[in-house]
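Have a look at the structure below, then the notes.
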Amino acid sequence: MIRKIKTTVRLIRNLQRLPDIENDIQKLNTANGEIININNTLSEKLSILDNSLDHRFRKEILNAISSRLDIIENLQLSLARDLHEYTRPSSMHRENIRADWEESPYYDDWDNEKGLTGFWGEATPFFRLFSELDCDVVMDLACGRGRHSAQILQLRSPTALYLVDINKSNIAHCRKRFAGDARVHCFVNDGCKLSHIADNSLTAIISYDAMVHFEYDDVISYIKEFSRVLSPGGKALIHHSNNDRQPGNTYQENPHWRNFMSAPLFKHAAIRSGLNVVEQVLMDWGDSPMDKDLDCLSLLEKPAA
C-alpha cells in the first residue's frame, strides 16, 4: 500500500513539473482515481487498526497512515487546481499557439541579415530603445532558437543571459547553440510564468516578435512577473500586438497572426502591476490598411527603490 502511494505521489509531482501539457490531462485523471481509491482503503484500515492492535503499536501506525492521508489530501487539492488550469479555454489556446511554433520554418527563414535588420538596424525603434537597457543580467523571453539572444551577446557583455521559451525543442536548440558560454542559462517555462527567475534579479528583459501572438491574459500574467523579477530601475522592452479589432478570434484568423491586445490595455496592466511605462511606439507591420499600427513596442521600468 505504501509503495502504491509513493508511486502515485511521484506521478503527480512529475506531472506538476511539466512546463507544457499535451496528453497528460488523462494521466492526471488516472492519478486522481488512484488517490480516491487509496484514500478509501486507508480510511478502512484506520478503522480496523483502531480496534485490533495492541495499544503500544496502534498510535505509531495510525500516525504513520494519517500522515500519508494528509499527503494524499494535499495532492488531491493540488491536482484539482491543475486540472482546472489545464482545461481552461485560455490554457487550451496557449497550447495551440505553442504547438504552432514548435517546429516552425520561421526560425531558420528569419535568422539571417534580412530577418534581423528590422530589429537590430540602427534606425529602428527596437535598436534605439534597446540602447536604454542595462543588460548586465538580461532575459530573452520567448527566445525561439536564440537569434535575438545572439545579438545581445554580440552587442553587450552581460554577466548572465536567461533564455526562456515554452517549447522544449527551442531550448534544446539554444543549449547547443550557446554551449560553452557560462553566461547563458536556458529554461523551459509554462507560457505565462517565470518561476525559474528570482525576485529582483534582472536588470533587463526583451521579447521580440513573439508576444504579438500571445493570449491577452498570458501577456498580463507576464507583465505581473516582470514587476516581480526586475530589479529596481530595471527595464523591459516588449514587442506586442496592438490589434484590438477582432475580439474573440483565434490568433490565426487575424492579420499576421496578431492576437488580441492593445497599447492602452498593455499600459494599464503595467501600471496596475507597479511599473512605469517609459515609452510606447506604434508600428505598421505590412503595407495594407489592416497592418497600420498593428504592433507596439513598449518600454517598461520598475521604479527605483
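Throughout, numbering of the chain's residues begins at 1 and tracks the sequence.
- Here CG of Leu153 is found 13.5 Å from NE2 of His148. Values are rounded to the nearest 0.5 Å.
- Side chain of Asn276 to main chain of Val278: no donor-acceptor pair is present (N/O by atom type, distance under 3.5 Å, no hydrogens or angles).
- The CE atom of Met211 sits 12.0 Å away from atom CG of Asp209, with the distance rounded to the nearest 0.5 Å.
- Cluster membership check: Leu237 does not share its hydrophobic cluster with Val229, using side-chain heavy-atom separations under 4.5 Å among Ile, Leu, Val, Met, Phe, Trp and Tyr.
- For the atom pair CZ (Arg98) and NE2 (His93), the distance works out to 15.5 Å, reported to the nearest 0.5 Å.
- Asn259 and Ser241 get closest at one heavy-atom pair: O-OG, 2.7 Å.
- In terms of modelled atom types and a separation under 3.5 Å, the side chain of Thr117 and the main chain of Glu113 share a donor-acceptor contact.
- Following chains of ILVMFWY side-chain contacts shorter than 4.5 Å, one cannot reach Ile223 starting from Leu133, and the two form parts of different hydrophobic clusters.
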Does Phe266 form a side-chain contact (heavy atoms from CB on, under 4.5 Å) with Ile238? I'd like the steps, not just the answer. CA-CA 10 Å; Phe266 190 95; Ile238 309 300; 3.9 Å; yes

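- With rounding to the nearest 0.5 Å, the separation of CD1 in Ile206 from CZ in Phe130 is 6.0 Å.
- Annotation: salt bridge (charged side-chain N to carboxylate O under 4.0 Å, His left out) contacts involving residues 118-131, sequence neighbours excluded, comprise Arg128-Glu279.
- Proximity of a side-chain donor or acceptor of Asn167 to a complementary backbone N or O of Asn170 within less than 3.5 Å is not detected.
- Closest approach of Pro255 to Met290, counting heavy atoms only: CG-CE, 3.9 Å.
- Applying the salt bridge (Lys or Arg N to Asp or Glu O under 4.0 Å) rule to Asp100 yields no partners; only residues at least two apart in sequence or on another chain are considered.
- By the salt bridge (Lys or Arg N to Asp or Glu O under 4.0 Å) test, Asp181 pairs with Arg183, sequence neighbours left out.
- Sorted by first and then second residue, the ring-ring contact (aromatic ring centres under 6.0 Å, His included) pairs involving residues 286-305 (not counting sequence neighbours) form an empty list.
- Residues Phe214 and Ile166 do not share a hydrophobic cluster, clusters being chains of Ile/Leu/Val/Met/Phe/Trp/Tyr side chains in contact below 4.5 Å.
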Check against salt bridge (Lys or Arg N to Asp or Glu O under 4.0 Å), Glu103 and Arg145: CA-CA 10 Å; Glu103 295 296 338; Arg145 300 292 169 87; 3.3 Å; yes

Chi angles and distances behind the side-chain contact (heavy atoms from CB on, under 4.5 Å) call for Phe260, Gln246: CA-CA 7 Å; Phe260 184 86; Gln246 300 94 9; over 6 Å; no

Evaluate the criterion side-chain contact (heavy atoms from CB on, under 4.5 Å) for residue pair Leu161 and Phe178; output intermediate values, then yes/no. CA-CA 11 Å; Leu161 172 59; Phe178 301 108; 5.9 Å; no

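- Judged as a side chain to side chain contact (heavy atoms under 4.5 Å, CB included), and not counting sequence neighbours, the contacts of Ala160 are Val137, Tyr162, His185.
- Contact between Phe226 and Ala236 at its shortest, heavy atoms only, is CD1-CB, 4.3 Å.
- At a threshold of 4.5 Å between non-hydrogen side-chain atoms, the residues Phe126 and Met283 count as touching.
- Side-chain atoms of Thr203 come within 3.5 Å of backbone atoms of Asp134 as a donor-acceptor pair (strictly under, hydrogens ignored).
- Under the side chain to side chain contact (heavy atoms under 4.5 Å, CB included) criterion, Ser201 pairs with Ile197, Ala198, not counting sequence neighbours.
- Within the 4.5 Å cutoff, side-chain heavy atoms of Leu155 are placed close to those of Phe127.
- The salt bridge (charged side-chain N to carboxylate O under 4.0 Å, His left out) pairs that include a residue from residues 237-257 number zero, where partners must be two or more places apart or lie in different chains.
- Of all heavy-atom pairs between Arg147 and Gly115, the closest is NH1-O, 3.1 Å.
- Legend: residues meeting side chain to side chain contact (heavy atoms under 4.5 Å, CB included) with Ile171, ordered by chain and number and at least two apart, are Cys143, Asp165, Arg175, Cys186, Val188.
- The other residues sharing a hydrophobic cluster with Ile97 are Trp101, Tyr106, Tyr107, Trp110, Tyr251, Trp257, where clustering joins ILVMFWY side chains under 4.5 Å apart.
- With Asn249 contributing its side chain and Asn254 its backbone, the two residues share no donor-acceptor pair below 3.5 Å.
- Closest approach of Arg156 and Cys135 over heavy atoms only: NH1-SG, 3.6 Å.
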Could you walk me through whether Asp291 and Ser288 pass side chain to side chain donor-acceptor pair (under 3.5 Å), step by step? CA-CA 5 Å; Asp291 299 333; Ser288 77; 3.0 Å; yes

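- Contact record, Cys174 with Gly146: SG-N, 3.6 Å, taken as the closest heavy-atom pair.
- Separation of atoms CE (Met261) and CG (Asp218) is listed at 9.5 Å; rounding is to 0.5 Å.
- Hydrophobic cluster membership is shared by Ile152 and Leu129, with clusters built from Ile, Leu, Val, Met, Phe, Trp and Tyr side chains linked at under 4.5 angstrom.
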Between side-chain atoms of residues 294-305 and protein atoms elsewhere (two or more places apart, or another chain), which donor-acceptor pairs fall under 3.5 Å?
residue, atom, partner, partner atom, Å
Asp295, OD1, Arg258, NE, 2.9
Asp295, OD2, His239, NE2, 2.8
Asp295, OD2, Arg258, NE, 3.4
Asp295, OD2, Arg258, NH2, 2.7
Ser298, OG, His240, NE2, 2.7
Ser298, OG, Gln280, NE2, 2.9
Lys302, NZ, Asn200, OD1, 2.6
Lys302, NZ, Ser227, O, 2.8
Lys302, NZ, Leu230, O, 2.8

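- The neighbour count for Tyr216 OH, taken as heavy atoms of other residues, nucleotides or ligands under 6.0 Å away, does not exceed 12.
- Between the CG atom of Asp293 and the CG atom of Asn242 there is a distance of 6.5 Å, given to the nearest 0.5 Å.
- Using modelled atom types, one finds a donor on one side chain and an acceptor on the other under 3.5 Å when comparing Ser149 with Asp140.
- Residues passing the salt bridge (Lys or Arg N to Asp or Glu O under 4.0 Å) test with Arg177, sequence neighbours excluded: Asp111.
- Under the salt bridge (Lys or Arg N to Asp or Glu O under 4.0 Å) criterion, Arg228 pairs with Asp199, Glu225, sequence neighbours left out.
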Would Val138 and Leu202 count as a side-chain contact (heavy atoms from CB on, under 4.5 Å) if you check the C-alpha gap in whole Å, the side-chain angles of each, and the deciding distance to 0.1 Å? CA-CA 6 Å; Val138 58; Leu202 301 179; over 6 Å; no

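- Looking at Val164 and His196, their side chains never come closer than 4.5 Å, going by heavy atoms from C-beta outward.
- Tracing side-chain contacts under 4.5 Å through hydrophobic residues (I, L, V, M, F, W, Y), one never reaches Leu282 starting from Val212; they form parts of separate clusters.
- Using a 4.5 Å heavy-atom threshold, the side chains of Asn96 and Thr250 count as separate.
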